[in-house]
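So the structure is just underneath, and the comments pick up after that.
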Amino acid sequence: MSWSVILSILHIVGTVLGVGGATMAELLFRQARRDQVIDPSEAPMLRISYAVMRFGMALLVVSGFGFFLLARLSGHSEWLYEPRIWVKLILTGIILGNALLLQVRKIPLWLGAAVSIVSWYSALILGAWRGLEWSFWMIVTVYLLVVIMVAAIFRQSEEPRMKQP
Amino acid sequence: MTSALTIYLVIHVLAGLAGTAGFYGAWFNLLRGAKNFRALRAESMTGLIMILVSWVTGAVYYVTYYGATVKPLIKAGPYPWAHAFLMEWKEHVFLFLPFLAAVVTIAIWRVSPGDQLPDGTRRWLGWLCGLIVFLGAAMALAGTGISGAVR
């Protein structure tokens, strides 16, 4: 089995765990918050989802940089200047930074959730869409527009509950 | 490139990532109030050791191979700024980062496990861990940019 195949498997598993973990964490969190309280039976499920998401992120980062090394060592360095690769790198930073901001409650939940979900799915789409020929700024603009849209939806969905006595 | 240099380059990159991840974990832990002090110690020590490993392997690669073989290729290629700016910047941070990591790790290890970290110390250590993570991530991006310029 070549290094390329091994890295591809790790990258796919990392993506599945990361995107799946982020999706499950968001769904479970929304379900748990319906009654405004995260009770003891719901907390372990959330913790597992976050752990799966973190493990997925670790696999993605290691396999991603493995791909960079492989490109460099096999003489395909030009691949490292593809816009979608740089957007994926920036998305990784955004996901990690967002996790910290959520942890210290410096970002509203609806915005943090929107950033997390949209970033994970954007990374998935960029990874799968090999022939994408958009410029760096085009991809970033579309990403930001989707974040704003999803954040507005999440904000709207939180409002009725926030008004409850 | 010889097999030994290839291995050094791979270790340089992976250890750099592991070192940054260690201090990201420590930063997260400090922001949570440093309640898990054993984990905080392990994260900072892992981060320091990995940064030192990355430092040594990167230095060997730089001194024995990069300057003579890679640098001329980049300077003659379409992205000479990858050396002139990215590598020059990386070289300076490279010298500074292990000392910063050592300061944080020593400060954390000097506190007895039973003792509570004072809030002010915890906040400042958090800022320093954040700085290490930011510089580590920027170095990873710069390394990617430099590698991509080798044509």
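In what follows, chains carry the letters A, B, and so on, assigned in the order in which the sequence lines appear, proteins first and then strands, with residues in each chain numbered from 1.
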Report which part of [X] has an atom under 4.5 Å of a heavy atom belonging to chain B: side chain, backbone, both, or neither.
X: A/E78; answer: both
X: A/R105; answer: neither
X: A/W86; answer: side chain
X: A/A99; answer: both

Worksheet item: Parallel, tilted or perpendicular: which fits the ring planes of B/W55 and B/F99, with parallel below 30° and perpendicular above 60°?
Response: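 Perpendicular, since the angle between the ring planes exceeds 60°.
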
Worksheet entry | Point-to-point distance, once rounded to the nearest 0.5 Å, from CG of B/L48 to CZ of B/F23 |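 Here the rounded value is 5.5 Å.
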
Side chain, backbone, both or neither: which part of [X] has a heavy atom under 4.5 Å from chain A?
X: B/A149; value: both
X: B/A138; value: neither
X: B/A21; value: neither

Practice prompt. Between chain B and each of A/L96, A/I85, A/L73, count heavy-atom pairs under 4.5 Å; write down the option with the most.
Written response: A/L96

Worksheet item: For the candidates A/L80, A/L100, A/V104, which exhibits the highest count of non-hydrogen atom pairs separated by less than 4.5 Å from chain B?
Response: A/L100

Discussion item. For B/Y62 together with B/F94, are the ring centres under 6.0 Å from each other?
Written reply: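 No, they do not, as the ring centres are separated by 6.0 Å or more.
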
Worksheet item: Taking the six-membered ring where the residue is Trp, are the ring centres of A/H11 and A/F67 under 6.0 Å apart?
Response: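 They qualify: ring centres under 6.0 Å apart.
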
More than 12 heavy atoms of other residues, nucleotides or ligands under 6.0 Å from [atom1] of [X]: is that the case?
X: B/Q116; atom1: CD; result: no
X: A/M45; atom1: CE; result: no
X: B/W89; atom1: CH2; result: yes

Fill in: Top contributor to chain A contacts, counting heavy-atom pairs under 4.5 Å, from B/T6, B/L14, B/V13, B/V133
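Top count of heavy-atom pairs under 4.5 Å with chain A: B/V13.
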
